[in-house]
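Data block below; observations after.
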Amino acid sequence: MIDVDVLRKDPGRIEQNLGRRGNPAYLTLFAEARAKDEAWRAARVEADRLRQRRNDLGRRIALERARGAVPAELEAEARSIPTALREAEAREGEQRRARDALLMRLPNLMDESVPAGKDDSENAVVATWGTPAGPNPALRAHGEVLEALGMAEFDRAHRASGSGFYYLTGPIVLLDLALQRFALDLLVERGYLPVAPPYLLRREPYEGVTDLADFENVMYKVEGEDLYLIATSEHPLAALYHGEILDEDRLPLRLAGLSPCFRKEIGGHGVDQKGIFRVHQFQKVEQFVFCRPEESAGLHEELRANAEEIVRRLGVPYRVVNVCTGDLGTVAAKKYDIEAWFPRQQAYREVVSCSNCTDYQARRLGIRMGKAGRPGKVVPHTLNSTAVATSRTMAVILEQYQQPDGSVTVPEVLRPYLGGRDSLRPVGPKA
RNA sequence: GCUGAGGUAGCCUAGUCCGGCAAGGCGCCAGCCUUGAAAGCUGGUGGCGGUUCCGCCACGGGAGUUCAAAUCUCCCCCUCAGCGCCA
């Protein structure tokens, strides 16, 4: 959320930044927010004046009564205040709520280094690693590989839960766990605190961590309850210190969240419709950081380096893109995506998203920083990045590591987590 | 789910019955004292608006009664405890 202080003191900076998004609606919203702020302050002055008079009269009435009788003209004036004040306060509240509602709809201010572009085709490649394998007609889609291994039930899952869901069975389940443990161990070694968060959040903290459109498009709501299934552990981790003051001597705070993720949105259908690339539910290990504002740019690079290392140690070629203005979304000030090379699709596809959200989430969540016993007004920054999303990572492993005999080689770094197992082989027929 | 107790400044608490400028402690900051520190003593210590200074607000949120609400009435939210249910 945009700082009201900046809205007043440096509106040009905000306009210039919003302008880069190429969506004139934002400039209109911002202009309205400024007008409402102006109107709120005017209404505020008026209401303050009336309240002052009311308090003044109240004190004198109490005094006069203690001395005997209350003069009639004093009472008459006192009686005239409430109506006028009610109106003034109604205006004040209305303008303030309108301003805040507008501010909640505005996106975060973007970092200077975000490249201009209309959509994901214009994201800027900032790094590549490994050699992308050339076309190989023998390669099968990851979903087919899984079925051939006898380790997935897609049709039955669709009947039980609908499309976008899946059963995994047998050793692939252990591979899923191995990926989570591998990522978690790497982060713990680097000083991240593992966190198992709640998988459902109330709406109020949820509005702090994401933009409001997500409630319709992405989030599953529990019927009859004020609860939403989390779309990523980023959300409960951000909400962890909701309404609190963080001790700045203990920043940065590095967290490693572990949770399933639930998402309604399912995108376009492609060749790999049957599979686990784009699904309603998946496991993810997430990096999350609370830090001082001046540290966030550096920590963004740290999160990216951790995420890159995980993909690299899995032996999967990838590239990193700096997500452009048209593709950035409302919460992040800057975002890197890591795109793994899917050899069958002959395409780089997103497996990691690494964002610096600056003060957008923290301000909406009412989080501040301060030293012990001395609350401050400074709002900390938050960052988040995938460490590993197992569904997509397993998908790329299944594409890249599949063998002509139908088995799938296990990436070396995962073998210790699988009791030394070096490949996944077809399991016997099931019922 | 039921019953009860709670929500007051960064933290802890008084005030609520009986309406009239929110008291105190801790922490924090400054000064005094000290070789230095601690202790002790003194003062300060929230948000917002207009801004030499003043004012308003702030007692979980909202509505109502009243000249006046932390205090009375109603609605809602959250936390804790006990009980119930339960992997």
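Below, chains carry the letters A, B, ... as their sequence lines are ordered, and counting in each starts from 1.
When both distances must be under 3.5 Å, the Watson-Crick or G-U wobble mate of U3(B) is A81(B). Pairing for G36(B) is absent, judged as Watson-Crick or G-U wobble with the two contacts each under 3.5 Å. Shown here, G27(B) forms a base pair with U45(B); the pair counts as Watson-Crick or G-U wobble because both key distances fall under 3.5 Å. Look at C86(B): it lacks any Watson-Crick or wobble partner with both distances under 3.5 angstrom.
Within the 4.0 angstrom heavy-atom criterion, only backbone atoms of the sugar-phosphate kind lie near Arg54(A); the bases stay farther away. Gln52(A) comes within 4.0 angstrom of sugar-phosphate atoms only, judged by non-hydrogen atoms across all strands, and of no base. Using a 4.0 Å heavy-atom criterion, one finds that Arg202(A) contacts the sugar-phosphate atoms exclusively. Across all strands shown, Ile245(A) has heavy atoms under 4.0 Å from sugar-phosphate atoms exclusively, and none from any base. Within the 4.0 angstrom heavy-atom criterion, only backbone atoms of the sugar-phosphate kind lie near Lys377(A); the bases stay farther away. Base contact: Arg44(A) has a heavy atom under 4.0 Å from a base atom.
Residue pairs meeting the ring pair (Phe, Tyr, Trp, His ring centres under 6.0 Å) criterion with at least one member in residues 295-314 of chain A, sequence neighbours excluded: His300(A)-Tyr336(A).
Closest to the side chain of Arg59(A), out of G10(B), G20(B), C56(B), is C56(B). Side-chain proximity of Asp48(A) to C67(B), G55(B), U65(B): nearest is G55(B).
Taking the nucleotide of RNA chain B with the nearest heavy atom to each of Arg53(A) and Ala78(A), the more 5' of the two is matched to Arg53(A).
No side-chain donor-acceptor contact under 3.5 Å links Glu286(A) and Ser233(A).
Phosphate proximity of G50(B) to Arg41(A): present, with a side-chain N or O under 4.0 Å from OP1 or OP2. Dashed line: the shortest gap from a side-chain N or O of Arg51(A) to OP1 or OP2 of C56(B) is not under 4.0 Å. Using a 4.0 Å cut-off, no side-chain N or O of Asn55(A) falls inside it from OP1 or OP2 of A68(B).
Rounded to the nearest Å, the gap between the C1' atom of G82(B) and that of A22(B) is 33 Å.
Only one option out of Lys36(A), Arg51(A), Arg49(A), Arg41(A) pairs with Glu92(A) in a salt bridge (Lys or Arg N to Asp or Glu O under 4.0 Å); it is Arg51(A).
Crowding of Glu412(A) atom CD: a count of heavy atoms from other residues, nucleotides or ligands under 6.0 Å not exceeding 12.
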